[in-house]
Student: 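To start, I am sharing the structure in question, which I have written as C-alpha cells.
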Amino acid sequence: MTTVVQTVDDKQELTNLEQERQRKLEGLRELGIDPYPYKFERSHFIKDLIEKYKDLADEERTEDMVTVAGRVTNQRNDWMFVDLVDDTGKIQLFSDSKTRAEHLQQLFPLLDKGDHIGVTGKIRRTPRGALTIDMETVTVLSKTLKPLPEIVEGKRRRLGISDVETRYRQRYLDLIVNEKSKDNLYKKAILMREIRNFLDSRDFVEIETPILNTEAGGAAAKPFVTHHNSLGVDLTLRIATELHLKRLAVGGFERVYEIGRIFRNEGMSIKHNPEFTSIEVYWAYTDVYDMMGLTEEMVRYVAQKVTGSEIVNYQGTELNFSKPFRRVTMQELVKEHTGKDLVGKALNDAFEHHCEEKLIEPTMVYDYPIEISPLAKKHRDKPGFVERFELFIYGRETANAFSELTDPQDQRQRFEDQAKERAGGDDEAHVFDEDFVNALEYGLPPTSGMGLGIDRLAMFLTDSASIRDVIAFPTMKPL
RNA sequence: GCGUCCGUAGCUCAGCCCGGUAGAGCACUCGGCUUUUAACCGAUUGGUCCUAGGUUCAAAUCCUAGCGGACGCACCA
C-alpha cells in the first residue's frame with residue numbers, strides 16, 4: 001500500500017517536462033527501439049574529425065561516411081540542426097525535415113536535448129563554415145528523463161547552472177554543462193600524474209600507508225573518529241601521512257612518497273575541505289636545503305605540464321614559477337614588515353598576521369621556531385629554531401618541509417612537550433606516538449621530508465577561486 | 001560561532017516599500033516557416049508565492065518563529 005501511494009505521489013511530482021520525456025520514452029519502446037542499448041561502435045572522436053577536415057572548404061561535400069556518438073546539447077529548426085558533444089568536442093549534425101528518411105521522421109519527435117545518440121552520415125562543411133554530418137542513421141543510446149539545467153540571460157538561454165550548491169551536490173550536471181568544471185578535474189588528474197612522473201623518474205617509490213589509525217599523528221589537527229566493530233575500538237582517520245612514511249624510511253626506503261587523502265575535522269571554507277589530498281615526500285641522506293631545490297623544481301615542472309606555461313594567472317594575479325623562488329627567513333620577513341626582532345611563538349604569530357598574505361609570488365620561508373615544529377630537526381647553528389621551510393604562493397601555505405628529526409631522544413622530549421600543551425587544553429597538539437619513537441631508536445638516516453597540498457596547487461593551476469572547484473565531490477551538509 | 005543578503009512557474013526573475021483575482025521572458029507541447037547556430041512567427045500549458053503561526057473583511061506583500069542556502073569575518077592546510 002505504501003508503495004502504491006508513493007508511486008502516485010511520485011508521478012504527481014513529475015514536472016511537465018519530465019512527463020513529456022516519459023511519454024517519449026514509451027513512444028520509443030512502442031517503435032521497438034531500446035532506449036538503453038548495450039554498445040555502440042563509432043569511427044571517430046569528434047576532435048579527430050575536426051582535425052581531419054580542418055582544411056575542408058565552405059560548401060564542400062565529401063563521400064566520407066563517419067560514425068560518432070555523444071550527447072545532444074542543442075537542436076534548431078525541428079532537428080534540422082543538432083549539436084552533438086562527446087568527450088573530445090562538439091560537432092553539428094544536419095537533416096532536412098522535408099527529405100529526411102522515415103526512421104528519422106519517427107525518431108526526432110521522441111528525442112530531447114540531453115539524449116545520447118549515435119549518428120552515421122557523410123561529412124561536409126556548410127556555406128556558413130560549420131563542419132557538419134548529414135544524418136543518415138540515428139541510434140538512441142540513452143534517453144534522458146530530466147531536462148539539463150540551463151541559465152537564462154535575458155532572452156538568451158544556454159546550458160549552465162547558476163545555483164552554486166547544485167554544482168557541488170550534483171557534480172554530474174555541472175560536468176555536463178560547464179566545460180571549466182570538467183577541465184579543472186582533468187587538470188588535477190594531470191597534476192597528480194605529473195607529480196608521480198617527476199618523482200618516479202628520480203627513483204622515488206609510492207607506498208600506501210593506513211588511513212585508519214588508533215591515534216592520528218604527524219600534524220596539529222583535530223581528527224575524525226570512527227569505530228571498528230570486531231576489534232571493539234575507536235579509530236581515527238589520518239591527519240597526515242608523515243609518521244608512517246618515516247617508518248618506511250627507517251625500514252630502508254630511501255626515496256618514498258604517498259599521494260593520499262587526509263581528513264581533518266575542522267572548519268570548511270574556500271580554502272578548506274574536510275578531506276583533501278596531500279603528497280608527502282621523504283628523501284634519505286639529504287637535508288631541508290636539498291628539499292627546497294626538489295620542491296621548487298617539482299612545482300615548476302608540474303605548472304608547465306598542467307598549464308603549458310611556467311607563468312600562470314591566478315584570479316587576476318600573475319604567479320611566476322619560472323624564476324628562482326625567493327628564499328627568506330621568517331625573522332627577516334617579520335623584521336621587514338614590522339621592524340621587530342622576535343623569536344618563538346611570538347615570531348610565528350607576527351609572521352602569520354603581518355607577512356603571510358603578502359607572499360604572492362612563490363616564496364620559501366625558512367628557519368621556523370622550534371616550539372611549533374615538533375617533528376623537525378634542531379637548526380644546526382641557530383638555537384631555538386629548526387631546519388624547516390614552507391612554500392607560500394598567493395599568500396597561502398602550499399608546502400611544508402624540514403630536515404626530519406632523527407634523534408629518538410629529542411623526538412621523545414618533543415612529544416612530551418606536546419603532551420603538556422595538550423594537557424593544558426590545546427586539543428590540536430601532537431599526539432605522543434611511542435611506536436614512532438621506537439622506530440627512530442632503530443635508526444632513521446638523515447632525511448628531508450616535504451608535504452604539499454595537492455588541491456591548493458590545483459587551485460592555482462586551474463585559476464579556481466574555491467577548493468570545491470578542484471574536488472569532484474566536496475563535502476556538503478546533508479540535506 | 002557572529003554579521004549581511006536571499007527563498008514566487010522546469011529555469012532566470014518582477015511584484016513586497018504603500019495588503020485587494022499570480023505576472024514576464026525562456027523552456028515544454030501544438031501549428032506555421034525552413035540552411036540554422038539565442039533561428040523566427042502564433043497559440044496553449046504550467047503555481048503549496050520555503051514552512052508554521054499571528055494581525056486583517058482580505059496576506060506573495062505586514063509581524064513572529066523555524067527551515068534551507070549564499071557571501072563576509074573568526075579558526076584551520
Side-chain angles (χ1 to χ4, degrees), chain A residues 12-24 58-59 73-84 90-100 109 112-114 124-132 134 145-169 173 177 218-223 239-240 242 262-280 352-353 356 390-393 395-400 426-428 451-459 465-468 476-479:
Chain A
Q12 283 171 345
E13 280 171 20
L14 285 182
T15 64
N16 290 344
L17 297 135
E18 290 165 352
Q19 284 171 18
E20 199 52 47
R21 284 163 187 254
Q22 193 71 41
R23 181 182 68 71
K24 290 176 179 177
D58 290 357
E59 298 193 59
T73 58
N74 199 11
Q75 168 271 125
R76 299 173 291 279
N77 293 19
D78 186 28
W79 295 85
M80 183 176 277
F81 296 96
V82 176
D83 291 337
L84 189 78
K90 178 162 98 174
I91 197 167
Q92 178 170 274
L93 312 174
F94 176 85
S95 166
D96 190 327
S97 58
K98 287 279 174 14
T99 60
R100 65 176 55 138
D112 287 288
K113 245 186 261 186
R124 68 181 170 98
R125 192 174 293 280
T126 67
R128 299 205 187 186
L131 190 64
T132 300
D134 285 329
L145 298 181
K146 292 184 171 175
L148 295 179
E150 295 181 308
I151 287 179
V152 177
E153 292 161 342
K155 287 201 171 186
R156 192 192 190 88
R157 196 178 176 79
R158 62 178 174 82
L159 291 180
I161 300 176
S162 51
D163 180 34
V164 178
E165 188 190 358
T166 305
R167 287 190 45 222
Y168 299 137
R169 283 195 193 276
L173 292 180
V177 303
K222 296 188 197 90
I239 56 174
E242 174 146 359
I262 302 295
F263 308 85
R264 295 189 182 175
N265 205 341
E266 292 162 352
M268 292 163 63
S269 80
I270 208 165
K271 291 178 285 184
H272 302 84
N273 195 65
E275 51 180 305
F276 61 101
T277 303
S278 78
I279 173 162
E280 287 191 30
E352 288 182 356
H353 279 100
E356 272 193 15
E390 288 191 326
L391 171 61
F392 285 84
I393 302 172
R396 295 177 189 165
E397 184 191 332
T398 304
N400 178 25
D426 181 0
D427 58 357
E428 290 191 5
L452 182 150
I454 299 257
D455 311 273
R456 288 199 172 171
L457 188 55
M459 287 169 69
S466 171
I467 195 168
R468 289 178 162 187
M476 300 293 287
K477 190 174 172 181
L479 289 176

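As a basis for the values below, the full set of heavy atoms in this structure was taken, side chains included, without hydrogen atoms, waters or symmetry mates. Just so it is clear: chains get the letters A, B, ... in the order the sequence lines come, proteins before strands, and each one is counted from 1.
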Student: Just name whichever nucleotide pairs with B:U21, Watson-Crick or G-U, keeping both distances under 3.5 Å, else none.
Tutor: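 The answer is none; no pair meets the criterion.
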
Student: Could you tell me whether A:Arg264 contacts a base, only the sugar-phosphate backbone, or nothing, with contacts defined as non-hydrogen atoms closer than 4.0 Å?
Tutor: base

Student: Compare all side-chain heavy atoms of A:Glu242 with those of A:Asn400 and state whether any distance is below 4.5 angstrom.
Tutor: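 When only atoms from C-beta onward are counted, A:Asn400 and A:Glu242 do not touch, as no gap falls below 4.5 Å.
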
Student: Which of the following nucleotides, B:U37, B:U34, B:C28, is nearest to the side chain of A:Glu20?
Tutor: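 Selected nucleotide (nearest to the side chain): B:C28.
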
Student: Please give, in whole Å, the distance from B:G31 P to A:Asp78 CG?
Tutor: 10 Å

Student: Using a cut-off of less than 4.0 Å, is there contact between a side-chain N or O of A:Lys24 and OP1 or OP2 of B:U29?
Tutor: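 Affirmative; the distance criterion is met.
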
Student: Applying a 4.0 Å non-hydrogen cut-off, can you work out what A:Lys271 is touching in the nucleic acid: base, sugar-phosphate, or nothing?
Tutor: base

Student: Scan A:Asp96 against the nucleic acid and name what it touches under 4.0 Å (heavy atoms): base, sugar-phosphate only, or nothing.
Tutor: nothing

Student: Would you kindly compare A:Glu397 and A:Phe81 by the position of their nearest RNA chain B nucleotide and give the one closer to the 5′ end?
Tutor: A:Phe81

Student: Taking the nucleotide of RNA chain B with the nearest heavy atom to each, does A:Asp112 or A:Arg76 sit closer to the 5' end?
Tutor: A:Asp112

Student: Determine the contact category for A:Asn265: base if any of its heavy atoms lies under 4.0 Å from a base atom, sugar-phosphate if only primed atoms, P, OP1 or OP2 are that close, otherwise nothing.
Tutor: nothing

Student: With respect to the side chain of A:Ser97, which nucleotide from B:A39, B:U35, B:U34 is positioned closest?
Tutor: B:U34

Student: Can you check the A:Gln75 CD to B:U35 P distance for me, whole Å?
Tutor: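 So the two atoms are 15 Å apart, to the nearest Å.
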
